[in-house]
Amino acid sequence: MKIFKNNESMGAWSNAMHKAGETIALVPTMGYFHDGHLSLMKIGREAESRMAVSIFVNPAQFGANEDLDAYPMNIERDLELAENIGADAVFMPDKEEIYPNGYQSYVTLKYLPGHLCGISRPTHFRGVATVVTKLFNIIKPDTAVFGSKDYQQLQIIKQLNKDLNFGINIVGAPIVRETDGLAMSSRNAYLRPEERESALSLSRSLEKAKKMVASGTTKSSIVKEHIREYIEGFEHTEIDYISICDPETLDDMETIDKPALLAMAVQVGRARLIDNTILVNLNICPE
Ligand code: AMP
């Protein structure tokens with residue numbers, strides 16, 4: 001497995017691969033791998049003949065009071081896991097490589113970032129879209145794999161790929177969970193033992209909502225109110241948002257008369273956790 005720290009050497013590897021008739025899958029990450037990351041790498045490995053993984057804690061996607069400096073890292077372990085799963089290359093630039101002195105270009109989208117996480121993190125998706133654009137330009141992947149845990153991010157990248165004509169096959173991967181249902185996240189490392197139970201309120205509330213909707217509740221406000229009360233019943237939780245919205249546009253849906261995205265962000269102790277699922281009303285959309 002090759003390790004690259006600068007844009008030129010990473011790009012040269014990609015060019016050489018393409019010249020040799022290989023195709024490249026890219027899995028962008030911020031490191032501190034868990035099984036969610038590894039599931040993306042397995043998909044990448046199957047999708048194309050070569051796989052590159054990037055590890056970059058992107059300062060541009062963190063707000064001023066967020067956890068950039070505290071973000072967990074374990075590069076040695078990450079490299080071992082990536083190699084074991086079959087990565088051919090790891091790109092791990094430092095922040096000056098990506099944002100050198102005098103850097104001034106950013107990528108923004110008009111509508112999708114104005115929803116869900118983008119409301120309380122107003123510069124986050126500008127940072128995501130910018131770094132993903134740069135990774136696409138440097139590595140020129142044929143496929144790029146993203147997790148649907150970050151559902152809004154996945155939608156934004158699909159839109160970016162379309163709008164800017166990257167022509168990359170964007171693959172969305174299912175959410176990988178702990179056995180008790182908690183969505184895996186590098187930020188789960190922040191949870192203190194007494195907060196771990198409260199963190200389960202997210203996935204459990206998704207299950208409750210799915211049941212309500214499957215059995216006929218169609219008013220979003222009723223579902224949202226029910227799960228708001230449920231989550232607030234746990235200690236250490238502070239809800240950022242609970243949204244039921246159109247899975248494509250992310251616009252609010254008042255009535256669940258077609259498959260809807262239920263997405264939420266909840267602060268649990270130091271960890272800002274997100275989770276989501278698709279709600280289906282079985283009367284309207286029989287399986
Ligand atoms: P991160 O390192 O948190 O930026 O995540 C890198 C990629 O892994 C993103 O595409 C995430 O959506 C994805 N990812 C993170 N957690 C999970 C999970 N529990 N299941 C599936 N994908 C995930």
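Whatever order the structure lists them in is the order used to number ligands and atoms, beginning at 1.
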Please check if the side chain of D35 supplies one atom and the backbone of L38 the other of a donor-acceptor pair under 3.5 Å.
no
Is there a path of hydrophobic side-chain contacts, each under 4.5 Å between heavy atoms of I, L, V, M, F, W or Y residues, that connects I170 with Y151?
yes
Sub-4.0 Å heavy-atom contact, R187 with ligand 1:
no
State whether E207 and R204 are salt-bridged, where the test is any N-O pair (Lys NZ or Arg NE/NH1/NH2 against Asp/Glu carboxylate O) under 4.0 Å.
no
E232, CD atom: more than 12 neighbouring heavy atoms under 6.0 Å:
yes
I'd like the name of whichever of S54, G147, S185, S148 reaches closest to atom 22 (N) of ligand 1 through any heavy atom.
G147
Atoms in ligand 1 flagged as close to M184, the criterion being non-hydrogen separation under 4.0 Å
16 (N), 17 (C), 18 (C), 19 (N)
Among L40, V27, V132, whose heavy atom sits nearest atom 7 (C) of ligand 1?
L40
Among I278, V280, L279, which residue meets the side-chain contact (heavy atoms from CB on, under 4.5 Å) test with K210?
L279
Pick whichever of A173, P174, A183 has a heavy atom sitting closest to atom 21 (C) of ligand 1.
P174
Using a 3.5 Å distance criterion without hydrogens, assess whether the side chain of Q267 forms a donor-acceptor pair with backbone atoms of G269.
yes
Select one of side chain, backbone, both or neither to describe which atoms of H34 lie under 4.0 Å from any atom of ligand 1, heavy atoms only.
side chain
Take the angle between the ring planes of F136 and F166 and call it parallel below 30°, perpendicular above 60°, tilted in between.
perpendicular
Work out whether the distance between some heavy atom of P28 and some atom of ligand 1 is less than 4.0 Å.
yes
Distance to 0.1 Å, residue and atom name: give those for the protein heavy atom nearest to atom 5 (O) of ligand 1.
H37 NE2, 3.5 Å
According to the interplanar angle, ranging from 0 to 90°, do the rings of H37 and H34 count as parallel (below 30°), tilted (30 to 60°) or perpendicular (above 60°)?
tilted
Quick test: of every protein heavy atom, which one is nearest to atom 20 (N) of ligand 1, and how far off is it to 0.1 Å?
V176 N, 2.8 Å
Can you tell me the protein heavy atom closest to atom 4 (O) of ligand 1 and the distance?
M30 CG, 3.5 Å
Considering heavy atoms of the protein only, find what lies nearest to atom 14 (N) of ligand 1 and give residue, atom and distance to 0.1 Å.
D150 OD1, 4.3 Å
